[in-house]
Amino acid sequence: MNTPPDLSQLTPDQLRHLAATLMSQVEEKDKALRHSEQVNQKLTYELALLKRHAFGKRSEQLNVLQISLLEEVVDADIAAIETELEDLKLTSTPSAAKKTPKRSPLPPELPRTEIHHDPENEHCACGCKLRRIGEEISEKLDYTPGVFHVERHIRGKWVCDQCETLTQAPMPAQIIDKGIPTAGLLAQVLIAKYADHLPLYRQEQIFARAGVAIPRSTLAEWVGICGVRLQPLIDALRDLLLSEPVLHADETPVPMLAPGKKRTHRAYLWAYATTPYAGLKAVVYDFSEGRGGQHARDFLGEWRGKLVCDDYSGYKQSFANGVSEIGCMAHARRKFVDLHVAGKSQIAGQAIELIGQLYQVEQEAQSLSAGERQRLRETRARPIADALHRWMLAHREKVPNGSATAKALDYSLKRWAALTRYLDDGGLPIDNNRVENLIRPWALGRSNWLFAGSLRSGQRAANVMSLIQCAKLNGHEPYAYLKDVLERLPTHKASQLHELLPHHWQQLA
């Protein structure tokens, strides 16, 4: 045990040396204490942040149920590819005779609706009156949510006794020629899968309880074919979206099955949407195998407008190519909210209050025109933003580097120009919340679909959900919209395809 020295026996120089040594030791201990407090604050913040978020599944190994879902994805992909190949065949090329599939008769107890198809004119081209000699009956399975019924399409056969010409009304064109589903049933399957997040094996069970056994492989084929038939609408919607001067963008991970393996890897769903102030109400989803910025650049192409997004580095090259960056104030605020929840930080609380004042101005400006909104921001919001900036700079000088508070402040300070660019244009939103809300349905879908079976199936889901969400944005009931589109699409002129887009669509009486 060390005994303290007798200070009375020390010379002045020895006393000064001892005092300097003690001061040095105190400074070292104080420095170590400050470091420990900083590390403790950082770890406490991270722990609190982790507790606020739900933990994902630790293993990506597929279980038996997940493997069974792969079958319906493969069936849908095969049907889609076969449909695309069929469309690519030259009309002049004689097609090989196809075997008529053997189908089980539809249950006789289901209600029937008879639809008669007869010639518009009961007289033959030679002038004689036609005489009915028989009819052909084909049955199609229709579905209104919760109830099956059968459409009996009766096409009478008419003959001219003079010239023996046989006349028969053609069968109306269908999305799936010579198949049993009507547009209503197809729309129900798509809505249940992509809006209500019901995998096909669950729909198979629901249909069986309603009295009709439809194998999930058949349902998957229908989904695949519909995906191909709806593709022109998605292409037209994307072109229209890229004509807008301002867009939102965001991305979220989606598990996708790795080819040849029974494991998943992380793919990404990208969302691009118009702003709340735009005349066009639209969102287009894009599915890709990764999160690289090239995927965003491929989608945007030659578009050089203003992009509202978070601080993800994948967009940086687009900004270098001429796209203007618009920051998200909600992301900046979220950093302080996490800090405040973790440690009741006084600085975080003050930042939240100041940012809240900016949002109060936006709430008042929501119903104004772009010009009026910009003038209100200039007089009310800009002074608040300038004061907030000076406040952040002053407090950044006081907090140590590497602390959670410093990171929250740095996020806003480094992106301040992008965060406040909305003040210069009344057509720009303050944050990226609109597209985040539009991408939220995929979070629910992930827990029900479990994974995307292939790149094609992921893109098909993105396409159908684009139409569903656009229908909702424009005030349409998605089932009614899809049903009507699937009925009209087979005979609709390509030059008038825009009439079927959600923002133009009007249901026929």
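Nothing here was measured: the structure is a model prediction, and the numbers come from that model. Along the sequence shown, residues are numbered consecutively beginning with 1. Heavy atoms only: backbone and side chains are in, while hydrogens, waters and symmetry mates are out.
- Counting only heavy atoms from C-beta outward, the side chains of Val284 and Ser466 approach each other to under 4.5 Å.
- Across Ile175, Leu186, Leu190, a single residue satisfies side-chain contact (heavy atoms from CB on, under 4.5 Å) together with Trp222, and that is Leu186.
- Residue Asp338 holds its CG atom at 12.5 Å from NZ of Lys407, rounded to the nearest 0.5 Å.
- Salt-bridge check for Arg488 with Asp484: passed, with a basic side-chain N closer than 4.0 Å to an acidic carboxylate O.
- Atoms CD and CG, from Glu477 and Leu482 in turn, are 9.0 Å apart once rounded to the nearest 0.5 Å.
- Leu247 approaches Leu242 most closely through the heavy-atom pair CD1-CD2, 4.1 Å.
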Pair up each side-chain donor or acceptor in residues 293-300 with any protein partner under 3.5 Å, not counting sequence neighbours, and list the distances.
residue: Gln294; atom: OE1; partner: Arg297; partner atom: NE; Å: 3.4
residue: Gln294; atom: OE1; partner: Arg297; partner atom: NH2; Å: 2.9
residue: Gln294; atom: NE2; partner: Asp298; partner atom: OD1; Å: 2.7

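- Pairs passing the salt bridge (Lys or Arg N to Asp or Glu O under 4.0 Å) check and including a residue from residues 359-371, sequence neighbours excluded, read Glu362-Arg377, Glu364-Arg380.
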**OP:** Step by step, work out the side chain to side chain donor-acceptor pair (under 3.5 Å) result for Glu251 and Tyr272.
**Re:** CA-CA 9 Å; Glu251 71 288 332; Tyr272 304 89; over 6 Å; no
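- In terms of modelled atom types and a separation under 3.5 Å, the side chain of Arg304 and the main chain of Val323 share no donor-acceptor contact.
- Between the side chains of Thr218 and Glu221, no donor-acceptor pair is found at a separation under 3.5 Å.
- No donor-acceptor pair under 3.5 Å is formed between the side chain of Ser412 and the backbone N or O of Leu409.
- Here Asp250 pairs with nothing under the side chain to side chain donor-acceptor pair (under 3.5 Å) rule; sequence neighbours left out.
- By the 4.5 Å heavy-atom criterion applied to side chains, Phe336 and Ile355 are counted as neighbours.
- The neighbour count for Gln496 CD, taken as heavy atoms of other residues, nucleotides or ligands under 6.0 Å away, is above 12.
- Trp303 contributes no side-chain N or O that, together with a main-chain N or O of Leu241, makes up a donor-acceptor pair within less than 3.5 Å.
- Taking the side chain as every heavy atom from C-beta outward, Ile206 and Leu198 approach each other to under 4.5 Å.
- No option in His395, Met392, His340 other than His395 meets the side-chain contact (heavy atoms from CB on, under 4.5 Å) test with Gln350.
- Salt bridge status for Arg229 with Glu487: absent, with no side-chain N to carboxylate O gap under 4.0 Å.
- With hydrogens and angles left out, the side-chain atoms of Arg460 and Asn463 include no donor and acceptor closer than 3.5 Å.
- A side-chain donor-acceptor contact under 3.5 Å links Thr379 to the backbone of Arg375.
- Thr275 places no side-chain N or O within 3.5 Å of a backbone atom of Pro429 that could act as its donor or acceptor partner.
- Going from atom CE of Met465 over to atom CD1 of Ile439 covers 10.0 Å, rounded to the nearest 0.5 Å.
- Side-chain polar atoms of Tyr422 and Asp431 form no donor-acceptor pair below 3.5 angstrom.
- Contacts classified as side chain to side chain donor-acceptor pair (under 3.5 Å) and involving residues 278-288 (residues at least two apart or in different chains) are given here: Trp270-Ser288.
- Taking all atoms of both residues into account, the shortest heavy-atom contact from Gly327 to Val308 is O-CG1, 4.3 Å.
- A donor-acceptor pair shorter than 3.5 Å cannot be found between the side chains of Asn474 and His503.
- Contact detail for Ala408 and Leu339: the closest heavy-atom pair is CB-CD2, 4.3 Å.
- Within the 4.5 Å cutoff, the side chain of His248 has no heavy atoms near those of the Thr274 side chain.
- When the side chain to side chain donor-acceptor pair (under 3.5 Å) test is applied to Asp177, no partner is found at least two apart in sequence or on another chain.
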**OP:** For side chain to side chain contact (heavy atoms under 4.5 Å, CB included), just list the numbers for Phe319 and Cys309, CA-CA rounded to whole Å, side-chain angles, deciding distance to a tenth of an Å, and then say yes or no.
**Re:** CA-CA 11 Å; Phe319 302 146; Cys309 59; 3.5 Å; yes
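- Applying the ring pair (Phe, Tyr, Trp, His ring centres under 6.0 Å) test to pairs two or more places apart or on separate chains, those with a residue in residues 371-390 are His389-Trp416.
- Judged as a side chain to side chain donor-acceptor pair (under 3.5 Å), and not counting sequence neighbours, the contacts of Asp410 are Arg396.
- Under the 4.5 Å side-chain criterion, counting only non-hydrogen atoms from C-beta, Val189 is in contact with Phe207.
- Take Asp424 and apply the salt bridge (Lys or Arg N to Asp or Glu O under 4.0 Å) test, not counting sequence neighbours, and it matches Arg382.
- In this structure, the separation between CG on Leu219 and CG on Leu200 is 5.5 Å, given to the nearest 0.5 Å.
- Checked against a 6.0 Å centroid threshold, the rings of Tyr268 and Phe287 do not count as neighbours.
- Cation-pi check for Arg291 over Tyr312 is met; the charged atom lies under 6.0 angstrom from the ring centroid and within 45 degrees of its normal.
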Original post:
Given Ser324 and Leu307, is the side chain to side chain contact (heavy atoms under 4.5 Å, CB included) satisfied, shown in steps?
Top reply: CA-CA 6 Å; Ser324 299; Leu307 189 67; over 6 Å; no
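- The salt bridge (Lys or Arg N to Asp or Glu O under 4.0 Å) contacts involving residues 305-319 comprise Lys306-Asp425, Asp311-Lys316, Asp311-Arg415, Lys316-Glu325, where partners must be two or more places apart or lie in separate chains.
- In this structure Gln374 satisfies the side chain to side chain contact (heavy atoms under 4.5 Å, CB included) test together with Glu378, sequence neighbours excluded.
- With rounding to the nearest 0.5 Å, the separation of CD1 in Ile430 from CD in Gln363 is 11.5 Å.
- In this view, Arg434 satisfies the salt bridge (Lys or Arg N to Asp or Glu O under 4.0 Å) rule with no residue, not counting sequence neighbours.
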**OP:** Let me see the working for Leu419 and Ile326 under side chain to side chain contact (heavy atoms under 4.5 Å, CB included), right down to the final yes or no.
**Re:** CA-CA 6 Å; Leu419 287 173; Ile326 310 300; over 6 Å; no
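- Distance alone, capped at 3.5 Å, is enough to place a donor-acceptor pair between the Arg373 side chain and the Leu368 backbone.
- Contact check for His492 versus Leu500: side-chain heavy atoms found under the 4.5 Å cut-off.
- For Lys140, the side chain to side chain contact (heavy atoms under 4.5 Å, CB included) test picks out His153, Met171, Gln174, Thr182, with sequence neighbours left out.
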**OP:** For Tyr277 and Leu428, run side chain to side chain contact (heavy atoms under 4.5 Å, CB included): C-alpha distance rounded to whole Å, both residues' side-chain angles, the deciding distance at 0.1 Å, then the answer.
**Re:** CA-CA 8 Å; Tyr277 310 128; Leu428 296 176; over 6 Å; no
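- Using a 4.5 Å heavy-atom cutoff, the side chains of Met256 and Glu289 are in contact.
- For the residue pair Gln469/Tyr194, the side-chain donor-acceptor check at 3.5 Å is not satisfied.
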